[in-house]
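Count residues from 1 along the sequence. Note that this is a predicted model, so its numbers are computed, not measured.
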Amino acid sequence: MNGIIILLAVAVGLALPTMASRAAELVMFERAGCAWCARFNAEIAPIYGKTGEGRAAPLRRVDLNSPLPADLAGIDPGAFTPTFVVVQEGREIGRIRGYPGDAFFFGLLDRILSNTGSELDRS
């Protein structure tokens, strides 16, 4: 019985790093009055959470007029808004500077997400 419990604990311990490595988020650095942020909000934001990309990397908004959250201290938000940064396990995987429009946004994001090991759910 103890052997089974130990075996189960080892299996869970080995699986956890794999599961954690898949966690990613899309951080949107924005500020009030940004016209391109408003365009993203109109064209992409309403559907983003329903897409495979949105499930693989949920959107997190950070206002550049406020202090950066502690967990993003190592990420340079850059000077331009919006700037989208895919963050996984506290480090930057890739970024999109500015909003390229709905025709290009998902293609650029897919390219970055392919480096996270996340499987995009297209259902």
S.K.: Should L109 and V86 count as side-chain neighbours, where that means a heavy-atom distance under 4.5 Å?
M.R.: yes
S.K.: How far apart are the C-alpha atoms of L64 and E30, what are their side-chain angles, what is the distance that settles it, and do they pass the side-chain contact (heavy atoms from CB on, under 4.5 Å) test?
M.R.: CA-CA 6 Å; L64 286 179; E30 61 186 338; over 6 Å; no
S.K.: Angle between ring planes, Y99 versus W36, binned at 30° and 60°: parallel, tilted or perpendicular?
M.R.: tilted
S.K.: Show the nearest heavy-atom pair for residues C37 and C34, with the distance to one decimal.
M.R.: SG-SG, 2.6 Å
S.K.: With a 4.5 Å heavy-atom cut-off, do F84 and F40 have their side chains touching?
M.R.: yes
S.K.: For R60 and E25, work out which heavy atoms get closest and say how close.
M.R.: NH1-OE2, 2.9 Å
S.K.: Do the non-hydrogen side-chain atoms of L113 and F106 ever get within less than 4.5 Å of each other?
M.R.: no
S.K.: Strictly below 4.0 Å, N to O, side chains only: are R95 and D76 in salt-bridge contact?
M.R.: no
S.K.: Do R91 and I75 come close enough that some side-chain heavy atom pair is under 4.5 Å?
M.R.: no
S.K.: Go through it in stages, so that I can follow the logic: the residues are I96 and M28, the test is side-chain contact (heavy atoms from CB on, under 4.5 Å), and I'd like the CA-CA distance, side-chain angles, deciding distance and then a yes or no.
M.R.: CA-CA 9 Å; I96 301 169; M28 177 184 178; over 6 Å; no
S.K.: Do R61 and N41 make a side-chain contact, defined as non-hydrogen atoms from C-beta onward lying under 4.5 Å apart?
M.R.: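 Yes - at least one pair of side-chain heavy atoms lies under 4.5 Å apart.
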S.K.: Taking everything shown except R97 itself, do over 12 heavy atoms lie less than 6.0 Å from its CZ?
M.R.: no
S.K.: Are L108 and Y48 connected, step by step, through hydrophobic side chains (Ile, Leu, Val, Met, Phe, Trp, Tyr) whose heavy atoms are closer than 4.5 Å?
M.R.: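 In one cluster with L108: Y48, yes.
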S.K.: Please determine which of V62, D71, L68 meets the side chain to side chain contact (heavy atoms under 4.5 Å, CB included) test together with V27.
M.R.: V62
S.K.: State whether the side chain of R39 and the backbone N or O of G101 hold a donor-acceptor pair below 3.5 Å, judged by distance alone.
M.R.: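 Checked: no pair found.
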S.K.: Does R31 CZ have over 12 foreign heavy atoms under 6.0 Å away?
M.R.: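 Atom CZ in R31 is packed in, count exceeds 12.
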